[in-house]
Number of protein chains: 2
Amino acid sequence: MGRRSGILEFAVLGLLRESPMHGYELRKRLNTSLGVFRAFSYGSLYPCLKTLVQRGWLIEESGGEPDDSLTAPLTGRRARIVYRLTAEGKERFEELLSQTGPDTWEDEHFGVRFAFFGQTSRDVRMRVLEGRRSRLEERLARMRASLARTRERLDDYTLELQRHGMESVEREVRWLNELIESERAGRDQQRGETPPDPSDDTAT
Amino acid sequence: MGRRSGILEFAVLGLLRESPMHGYELRKRLNTSLGVFRAFSYGSLYPCLKTLVQRGWLIEESGGEPDDSLTAPLTGRRARIVYRLTAEGKERFEELLSQTGPDTWEDEHFGVRFAFFGQTSRDVRMRVLEGRRSRLEERLARMRASLARTRERLDDYTLELQRHGMESVEREVRWLNELIESERAGRDQQRGETPPDPSDDTAT
DNA sequence: GTTAGCATGTAAGGAGTTACATGATTTT
DNA sequence: AAAATCATGTAACTCCTTACATGCTAAC
């Protein structure tokens with residue numbers, strides 16, 4: 001009946017982890033912080049929020065005082081529903097973050113996963129980055145093989161398309177290499193806030 | 001009931017324009033020539049073929065002789081259904097090629113459209129390339145504006161993601177500029193076969 | 001004689017979108 | 001008083017995937 005999983009669930013949990021929000025605000029954030037890449041519609045957001053509440057990962061706060069800036073100007077406006085992440089919701093987000101899913105999940109939604117790296121342990125970051133890199137390298141190998149086989153039969157445009165595609169992938173691999181190296185280098189000198197131990201499970 | 005439109009229909013029409021094929025072969029081509037980018041499944045391909053036949057854009061040929069390499073080794077094998085593009089199908093493909101659709105169509109499936117540039121008039125090519133470029137430039141402007149507004153509130157990873165994203169888009173814009181210039185330059189000296197007049201509608 | 005590849009299909013489901021419906025509030 | 005923005009929601013639809021069903025042939 002409700003939405004099961006999907007990138008939207010992940011993004012909502014991730015954004016609500018930073019601070020509670022109502023739906024409208026959430027959608028705006030989805031289309032700026034993350035949403036340079038994709039725009040979600042209300043038609044998918046609100047149903048998604050409902051099922052997340054049903055599973056106990058979010059709780060609704062009709063007019064509590066989660067934050068002054070959110071509650072204060074509520075004078076006559078339609079009652080906004082502010083959503084807050086529960087402890088189970090945090091666990092679920094953690095699970096999704098570190099999940100080595102069925103390939104397409106990680107490949108298509110890498111951008112969104114990366115956007116939440118600030119909330120991730122270095123172990124997970126390394127795993128995601130290296131996973132992405134190895135899948136791109138696989139793809140590169142397939143492209144090269146296919147190109148070697150069919151080079152003669154292809155017209156100029158198709159060839160140019162494949163050339164540009166391969167260059168883009170190669171470029172991303174180099175980018176990933178830099179990121180991975182910088183993660184490795186930062187193993188000693190911390191960059192920002194490094195979570196000291198992932199075994200800390202006490203809820204706030 | 002059947003598939004309405006979508007990129008699959010477009011790709012099938014485009015591939016069958018080159019030469020008749022049966023479903024299995026079509027799927028392989030979809031995953032090499034075009035399909036470096038995406039892989040379609042039989043579960044979408046065969047139903048799509050059926051509705052295209054229903055609309056008169058394809059005709060089925062059980063065991064005709066469209067090509068030696070296709071008919072010859074059919075000794076005992078399951079009877080393959082070879083699909084051939086009709087005159088109406090060609091018109092439909094032409095229509096889809098030159099269509100200035102509802103934005104997302106052109107944006108998400110640019111790669112597949114580009115793959116069929118060899119079968120397109122230069123007018124259409126220019127229109128598609130310039131359309132793509134202007135949409136990317138719009139997006140770039142939005143990204144820059146959003147970045148200027150929220151730079152302080154973003155962590156290092158989100159910032160790095162946006163930086164890399166913008167660089168990729170800028171790179172594609174430069175690529176498009178080169179292509180557009182080369183199209184303009186080739187206005188006199190022809191490159192390969194230039195279709196002289198698109199009003200030629202006689203079927204083969 | 002079992003696996004791998006060829007070849008075609010159906011049913012159910014997933015993850016979203018578009019279009020619509022509603023209504024209050026601030027801006028022009 | 002009209003238009004834009006805030007705010008929440010539903011129904012129908014789209015386009016594609018997964019899992020399944022079927023059966024034949026070639027290679028190991």
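Order of the sequence lines fixes the chain letters, A, B, ..., with proteins taken first and strands second; residue numbering starts at 1 for each chain.
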(message) So A:F114 and B:H164, do their side chains get closer than 4.5 Å, heavy atoms only?
(response) no
(request) Round to the nearest Å and state the distance from A:R27 atom CZ to D:dG9 atom P. (result) 15 Å
(message) As a test of reading the structure: which of C:dG9, C:dT17, D:dA7 is closest to the side chain of B:I81, going by heavy atoms?
(response) C:dG9
(request) May I have the distance from B:F40 (atom CZ) to D:dT17 (atom P), rounded to whole angstrom? (result) 7 Å
(message) Checking contacts here: which listed nucleotide (C:dT17, C:dA7, D:dT10) is nearest the side-chain heavy atoms of A:S44?
(response) C:dT17
(request) Considering just the side-chain nitrogens and oxygens of B:K50, establish if one lies under 4.0 Å of OP1 or OP2 belonging to C:dT10. (result) yes
(message) Can you measure B:L58 atom CG to C:dT8 atom P for me and round it to whole angstrom units?
(response) 14 Å
(message) With a 4.0 Å cut-off on N to O distance, would you call A:R171 and B:E170 a salt bridge?
(response) no
(message) Using a heavy-atom cut-off of 4.0 Å across all strands, would you classify B:Y83 as base, sugar-phosphate, or nothing?
(response) sugar-phosphate
(request) Select one nucleotide: of C:dT17, D:dT18, C:dT10, the one nearest the side-chain heavy atoms of A:S41. (result) C:dT17
(request) Calculate the interatomic distance between A:Y42 atom OH and D:dT10 atom C1'; express it in whole Å. (result) 16 Å
(request) Could you please name the option among C:dT17, C:dG9, C:dG5 that lies closest to any side-chain atom of B:Y24? (result) C:dG5
(request) Using atom CG of A:L45 as one end and atom P of C:dT17 as the other, report the distance to the nearest whole Å. (result) 10 Å
(request) Please report, rounded to the nearest Å, how far the P atom of D:dA7 is from the CD atom of A:E60. (result) 16 Å
(message) Taking the side chain as everything from C-beta on, heavy atoms only, tell me whether A:Q119 gets closer than 4.5 Å to A:F93.
(response) yes
(request) Provide, to the nearest angstrom, the distance between the CG atom belonging to B:L8 and the P atom belonging to D:dC16. (result) 6 Å
(message) Which heavy atom of A:E106 sits nearest to which heavy atom of A:Q99, and what is that distance?
(response) CD-O, 4.3 Å
(request) Check every atom of C:dA7, C:dG16, D:dG9 against the side chain of A:Y46 and return the nucleotide holding the closest atom. (result) D:dG9
(message) Rounded to whole Å, please give me the gap between NE2 in B:H22 and P in C:dC6.
(response) 9 Å
(message) Tell me if a side-chain donor or acceptor on B:R127 pairs with a main-chain N or O of B:S98 at a distance below 3.5 Å.
(response) yes
(request) For the side chain of A:R80, starting at C-beta, report the closest nucleotide among C:dT17, C:dG9, D:dT8. (result) D:dT8
